[in-house]
Asks: 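Take a look at the following structure, please.
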Amino acid sequence: MTDTGSREIILTGINASPGICIGKAYLVDIEGVDVVKKYFISEDDVQDEIKRFKSAVNRAKQQMLTIITNAPEELRDHTYILETHKTLLKDKMLYGRTIETIKNEKVNAEWALKKVVSDVKSMFKNMSDSYLKERATDIVYVSDRIMRNLVGAETKKIADIDKRVILVANDLSPAEASQINLERIKGFVTDRGGKTSHTSIIARTLEIPAVMGLGNATNIIKNDNLIIIDGTVGTVIIHPTEETLLEYGVRSAKYEELKAAITRDSHLQAETADGFQLKVMGNIELPEEVVSVIDYGGDGIGLYRTEFQYLSSPILPNEYELFDKYKDVVEVIAPKPVTIRTLDINGDKAFSNNPDYMEANPALGLRAIRYCLKNPDVFRTQLRAILRAAAFGNVRILIPMISSYEEVLETKRILDEVADALDKEGTLFNRNVELGIMIEVPSAVIIADILAGEVDFFSLGTNDLIQYSLAIDRGNRNVAHLYHSLHPAIIRMIKQLADVASNKGIKLFMCGEMASDPINLPILLGLGIDELSMNPQSIPAVKSMIRALKVEDARAFMKDVFKQNTASGVEELIRETYGSILFEKVYARRKAFGDRAQKNYYGKQKGQT
């Protein structure tokens, strides 16, 4: 029964994992160790303090091994996340610098660790890429486990929870999330975290609802409060009324029906009602995720981000290490294509070659192709690995953040140089691979006709293209609401690219977040996008929506779209024209979801599309 003495409260966060669940809240005290005292040690005690730190690290390693060994069957394909955390325990950025701080400053291990982690967090915070920013969280999770061993703090084990509940926590690490027993835990909400975090990946793998980034949920929700999680739109309802409970009970059942139906049909082709076929691919960050792309009916890998292999190693990975990972992905999904994007990070910070170096504006700094061309040995090593892996399947190379014609020419020169070297060595490789560039800088759109003559395809990176074009930092709460993929300027830029690609006879792909939202599909079809790529979990819904549309209608629809002067006007037009299809094919029928669901969905789109 609902507590009639309490007022219904709705919190809005990040929709980390879709689904709906209703249950009692269970607050988990798993916050980090914040209160750390600093004290100085003598020269004679330095080695003992270092030994104490190393002992805490070794205990953390054993704890991680136990968690990995006991991971549930559903997470067997994702234990790489936990393995990565185990590797980070000895990362020079964390392990080495803490030992150096103990030696140089003659301070206790707790204080040295806290100082190093604070520096690392600041370093990652300045990165423009949301995925890379989340890697700072991985460092924090690992350091917290070491810190707890140093101070002797205990953490309640999630695996020991013996009743059906919804977890409420300030944060959950992947190690903690991996202890979730699906017979006990219905879902979880956290104050911190984001959609690209490893914890959210685990939630989606377990297929349990999760809302993250709520900010103050742990201050509002109390133990045993009845709450509803709607992970599809990112809302949490506290003290739901009887009417709300009935509504969400029906909605949950319909969601499960829809999910089963969409997933059942996910391996069907994404073919419009009038016969136009659109390839729907998956984005991956790690080789193990290729299984998800296959399971959700993906037509290949449209974006293989290769940064993690560099970030998870204390030293630059060698050619064999890179080749081994690329080959695994290529062979598993062959003959479907794998689009391997070359290194797209700010090298100085990511590799800690110069940890004290901070760029004033890293989003506009030495990153992606700029870093690779300035460090050609790093670039050559990766290109060699890619060309070697291409001998085992269908590989395409994608170059990020191209802003000039010269960058394309220099990239092709180095690629030819690498191929010649492999040929002379007698190494097995394949030079016959398609070369594409990411269009994520406005200058690349403007000179698209020039660039098209040198490449086989364009891949639209809408996340950065929107950010750069509209001069909006999505991480800045003061302006994040201005970030909108349906801004008339963005639609016109995509139209310009589509026209150039068509005239020059090359393909136009899209791999940004815009591709994963079904509400955008009428426009993307109307503009003439040849291929979409997204997180694997979005593939079934997108394919289902495509099968409900007609490309002929979408092209005609664009005439009305170009008459709109605002993003809200474009969105309203889509709702009026395609709203019924969106709800019937993707978000379920309005009668099942109710008016509140429709308002929740469209309200979310206005803020986050």
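Quick caveat: nothing in here was measured; it's all calculated off a predicted structure. The first residue in the sequence is number 1, and the count goes up from there.
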Asks: Without hydrogens or angle criteria, can the side chains of Gln537 and Ser292 be said to hold a donor-acceptor pair below 3.5 Å?
Replies: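 No, no side-chain donor-acceptor pair sits under 3.5 Å.
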Asks: Scan Asp299, Thr339, Asn283 and name whichever one has a side chain to side chain donor-acceptor pair (under 3.5 Å) with Ser533.
Replies: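 The passing option is Asn283.
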Asks: Is it true that Asp344 and Arg367 have a side-chain N and a carboxylate O under 4.0 angstrom from each other?
Replies: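 So Asp344 pairs with Arg367 through a salt bridge.
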Asks: Looking only at non-hydrogen atoms, find the nearest pair between Tyr483 and Ile472 and report the distance.
Replies: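 What the structure gives for the nearest pair is N-CD1, 3.7 Å.
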Asks: Show your working on side-chain contact (heavy atoms from CB on, under 4.5 Å) between Asp560 and Leu573 and close with a plain yes or no.
Replies: CA-CA 8 Å; Asp560 292 328; Leu573 183 64; 3.8 Å; yes
Asks: If we only count heavy atoms from C-beta on, is the Val445 to Leu465 side-chain gap below 4.5 Å?
Replies: yes
Asks: Please report the closest heavy-atom contact between Glu440 and Gly461, naming both atoms and the distance.
Replies: CB-O, 3.7 Å
Asks: Report yes if some heavy atom in the side chain of Asp464 is under 4.5 Å from a heavy atom in the side chain of Gln467; otherwise report no.
Replies: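 With C-beta onward as the side chain, the pair touches.
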Asks: To the nearest 0.5 angstrom, please state how far the OG1 atom of Thr235 sits from the CG atom of Asn15.
Replies: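 Thr235 OG1 to Asn15 CG: 9.5 Å, rounded to 0.5 Å.
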Asks: Side chain to side chain donor-acceptor pair (under 3.5 Å) between Glu8 and Thr244: does it pass, once the steps are laid out?
Replies: CA-CA 9 Å; Glu8 182 176 283; Thr244 301; 2.7 Å; yes
Asks: Side chains of Asn170 and Thr218: any donor to acceptor distance under 3.5 Å?
Replies: no
Asks: Say you draw a straight line from CD of Glu513 to OG1 of Thr462; how long is it, rounded to the nearest 0.5 Å?
Replies: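 Between Glu513 CD and Thr462 OG1, I get 7.0 Å after rounding to 0.5 Å.
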Asks: Determine whether a donor-acceptor pair (N or O, by modelled atom type, separation under 3.5 Å) exists between the side chain of Asp449 and the backbone of Val500.
Replies: no
Asks: So with a 6.0 Å cut-off around CG of Asn216, is the heavy-atom count from everything else above 12?
Replies: yes
Asks: Would you call Lys504 and Asp499 a salt bridge, using N to O less than 4.0 angstrom?
Replies: no
Asks: I'd like to know if the side chain of Ser17 and the backbone of Ile208 have a donor-acceptor N/O pair within less than 3.5 Å.
Replies: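 Such a contact is found between Ser17 side chain and Ile208 backbone.
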Asks: Could you report the tightest heavy-atom contact between Gln277 and Gln269, atom names first, then the distance?
Replies: NE2-OE1, 2.8 Å
Asks: Are the side chains of Ile523 and Val570 in touch, meaning some heavy atoms are under 4.5 Å apart?
Replies: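 Ile523 vs Val570: side chains touch.
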Asks: Taking Ser443 for the side chain and Ser403 for the main chain, is one N or O donor matched with an acceptor at less than 3.5 Å?
Replies: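 Flag set: sc Ser443 to bb Ser403 pair under 3.5 Å.
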Asks: Which atoms form the tightest heavy-atom contact between Leu398 and Ser459, and what is the distance?
Replies: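 That closest heavy-atom pairing would be CD1-CB, 3.7 Å.
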Asks: side-chain contact (heavy atoms from CB on, under 4.5 Å), that's the test. Do Ile529 and Ile494 meet it? Break it down for me.
Replies: CA-CA 9 Å; Ile529 305 295; Ile494 298 174; 3.9 Å; yes
Asks: Given the rule in the salt bridge (Lys or Arg N to Asp or Glu O under 4.0 Å) test, do Asp265 and Lys543 qualify, once you have shown the distances and angles that lead to the verdict?
Replies: CA-CA 9 Å; Asp265 296 337; Lys543 293 179 77 172; over 6 Å; no
Asks: Between CE of Met558 and CG of Asp553, what distance do you get to the nearest 0.5 Å?
Replies: 13.5 Å
Asks: Considering all heavy atoms of both residues, which atom of Leu497 and which atom of Leu508 are nearest to each other, and what is their separation?
Replies: C-CD2, 4.1 Å
Asks: Got more than 12 heavy atoms from elsewhere within 6.0 Å of NZ, Lys336?
Replies: yes
Asks: Heavy atoms, side chains only, cut-off 4.5 Å: are Val551 and Arg555 in contact?
Replies: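 Side chain of Val551 against side chain of Arg555, heavy atoms only: contact under 4.5 Å found.
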Asks: For Tyr405 and Glu454, does a side-chain donor sit closer than 3.5 Å to a side-chain acceptor?
Replies: yes
Asks: To the closest 0.5 Å, what do you measure between CG (Leu525) and CZ (Phe276)?
Replies: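 CZ of Phe276 is found 6.5 Å from CG of Leu525.
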Asks: Assess whether side-chain contact (heavy atoms from CB on, under 4.5 Å) is satisfied between Val561 and Ile574, documenting all intermediate values.
Replies: CA-CA 9 Å; Val561 170; Ile574 296 173; 5.8 Å; no
Asks: Does Asp224 reach the main-chain N or O of Lys24 with its side chain, forming a donor-acceptor pair under 3.5 Å?
Replies: no
Asks: Which heavy atom of Arg370 sits nearest a heavy atom of Glu407, and at what distance?
Replies: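 Nearest heavy atoms, Arg370 then Glu407: CG-OE2, 4.0 Å.
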Asks: Under 3.5 Å, side chain of Asp274 to main-chain N/O of Glu552, donor-acceptor pair present?
Replies: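 Between the backbone of Glu552 and the side chain of Asp274 there is a qualifying donor-acceptor contact (under 3.5 Å).
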Asks: How many angstroms lie between atom CG of Leu460 and atom CE of Met438, to the nearest 0.5 angstrom?
Replies: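 Between atom CG of Leu460 and atom CE of Met438 there are 8.0 Å.
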Asks: Does a side-chain heavy-atom distance below 4.5 Å link Ile333 with Val293?
Replies: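 Heavy-atom side-chain distance check passes, below 4.5 Å.
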Asks: Taking 4.0 angstrom as the limit, do Lys507 and Glu434 come out as a salt bridge?
Replies: no
Asks: Under 3.5 Å, side chain of Lys186 to main-chain N/O of Ile22, donor-acceptor pair present?
Replies: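 Present.
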Asks: Would you say Arg492's side chain and Phe562's backbone share a donor-acceptor pair under 3.5 angstrom?
Replies: yes
Asks: Quick one: pull up OG in Ser516 and CE in Met534 and give me the separation to the nearest 0.5 Å.
Replies: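 Between atom OG of Ser516 and atom CE of Met534 there are 6.5 Å.
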Asks: Before accepting this row, confirm whether a basic side-chain N of the pair Arg396/Glu531 lies closer than 4.0 Å to the acidic partner's carboxylate O.
Replies: yes
Asks: Indicate yes or no for a side-chain donor-acceptor contact from Asp456 to the backbone of Leu435 under 3.5 Å, with no hydrogens or angles considered.
Replies: yes
Asks: Check whether any side-chain heavy atom of Ile237 lies under 4.5 Å from a side-chain heavy atom of Tyr248, and answer yes or no.
Replies: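 Yes, close enough: below the 4.5 Å cut-off.
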Asks: Taking the side chain as every heavy atom from C-beta outward, state whether Val329 and Tyr304 have any pair of such atoms under 4.5 Å apart.
Replies: yes
Asks: Any non-hydrogen side-chain atom of Ile369 less than 4.5 Å from a side-chain atom of Ile402?
Replies: yes
Asks: Evaluate the side-chain contact (heavy atoms from CB on, under 4.5 Å) criterion for residues Leu303 and Ile284: first the C-alpha distance (whole Å), next the side-chain angles of each, then the deciding distance (0.1 Å), finally the verdict.
Replies: CA-CA 6 Å; Leu303 176 63; Ile284 66 170; over 6 Å; no
Asks: Verify, without hydrogens or angle tests, whether Ser252 (side chain) and Cys21 (backbone) share a donor-acceptor contact under 3.5 angstrom.
Replies: no
